[in-house]
Amino acid sequence: MARVLVVDDDRTVREVVVSYLRAAKHEVSEAGDGEAALGVMRERPADLVVLDLMLPGIDGLEVCRRLRTVSRVPVIMLTALGAETDRVVGLELGADDYVTKPFSPRELVLRVESVLRRAGELDKPAAGRVVDGELVVDSDRHEATLAGNPLALTGREFDLLRFLMANPGTAYSRDDLLQQVWGWSFGDSSTVTVHVRRLREKVEADPTRPTRLVTVWGVGYRWEAA
């Protein structure tokens, strides 16, 4: 059982989502706007947030941005059909997944449980370190450093970097990475594209000409050891 916060200004949507999550044995709280959501997280932090982007006052993107300054709590965004720009921005802010409205409540529950599983795996100690030149990923400390300087990575970015560095020279498609890193058997591969771009900005000397996290045209991505 996990504590889940559902944030949506549509009472009907909240009621449906809350009822399905409670049926799945989760402890659920709810908020109808961004201010209320941030207040709930200050008082009793949730293990995961289901966050609508179209909120009155402080919108969902700003809520996500503020959460990421103080917490690694997993966030699943609820976005309008066709709102690709908002989805990409949300992923760049560190959201873990998104579900497009109108959505199946059962699918949302499956996404919640998938993200919670991945978050739990990240919290478990994994033995050893992966080293590539001045880039070090320490699984025990859940820390990545470049030339001795800590890298500000989201949980998903850390997991992606750790997986690729542990498997250098192997080309993975976006679907492969969705399954291996995200634990999804289905999903939008643009999620991988966004995270790869963010990782390049943090580990490449020139993100526009990557030499470590390289593109394999027609396939996907490969990690090239130094």
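These values consider heavy atoms only, across backbone and side chains, with no hydrogens, waters or symmetry-generated copies.
Applying the side-chain hydrogen bond (donor to acceptor under 3.5 Å, both in side chains) test to residues at least two apart or on different chains, the pairs with a partner in residues 54-63 are E62-R65, E62-R66. Applying the salt bridge (charged side-chain N to carboxylate O under 4.0 Å, His left out) rule to pairs touching residues 204-218 yields nothing, sequence neighbours excluded. Under the ring pair (Phe, Tyr, Trp, His ring centres under 6.0 Å) criterion, the residue pairs touching residues 193-212 are W182-H195, with sequence neighbours excluded. Applying the side-chain hydrogen bond (donor to acceptor under 3.5 Å, both in side chains) test to pairs two or more places apart or on separate chains, those with a residue in residues 35-47 are E27-R44.
In the model, R200 has a side-chain atom that pairs as donor or acceptor with a side-chain atom of T215 under 3.5 Å. Counted by atom type alone, T154 and R68 present zero donor-acceptor pairs between their side chains at under 3.5 Å. Side-chain contact annotation: D176 with S173, donor-acceptor N/O pair under 3.5 Å present. In the model, Y98 has no side-chain atom that pairs as donor or acceptor with a side-chain atom of R111 under 3.5 Å.
In this structure, the salt bridge (Lys or Arg N to Asp or Glu O under 4.0 Å) partners of E143, at least two apart in sequence or on a different chain, are R141. Listed by chain and residue number, D9, D33 satisfy the side-chain contact (heavy atoms from CB on, under 4.5 Å) test with P56 (two or more places apart in sequence, or in another chain). For S71, the side-chain contact (heavy atoms from CB on, under 4.5 Å) partners are V73, not counting sequence neighbours. Looking at residues two or more places apart in sequence or on another chain, you find a ring pair (Phe, Tyr, Trp, His ring centres under 6.0 Å) between Y172 and F163. Scanning for salt bridge (Lys or Arg N to Asp or Glu O under 4.0 Å) contacts around E224 gives R222, with sequence neighbours left out. Taking R198 as the reference, E157 meet the salt bridge (Lys or Arg N to Asp or Glu O under 4.0 Å) condition, with sequence neighbours excluded.
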(message) For a side-chain contact (heavy atoms from CB on, under 4.5 Å) check, start with the C-alpha distance between S29 and R3, then their side-chain angles and the critical distance, and finish with the verdict.
(response) CA-CA 8 Å; S29 55; R3 293 195 304 275; over 6 Å; no
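Residues V63 and L53 fail the side-chain proximity criterion, which asks for heavy atoms closer than 4.5 Å.
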Distance-only criterion, 3.5 Å: show the donor-acceptor pairs between side-chain atoms of residues 15-23 and protein atoms not counting sequence neighbours.
from : atom 1 : to  : atom 2 : distance (Å)
S19  : OG     : E15 : O      : 3.2
S19  : OG     : V16 : O      : 2.7
R22  : NH2    : V28 : O      : 3.0

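Under a 4.5 Å side-chain heavy-atom criterion applied to ILVMFWY residues, the cluster that includes V131 comprises V136 as well.
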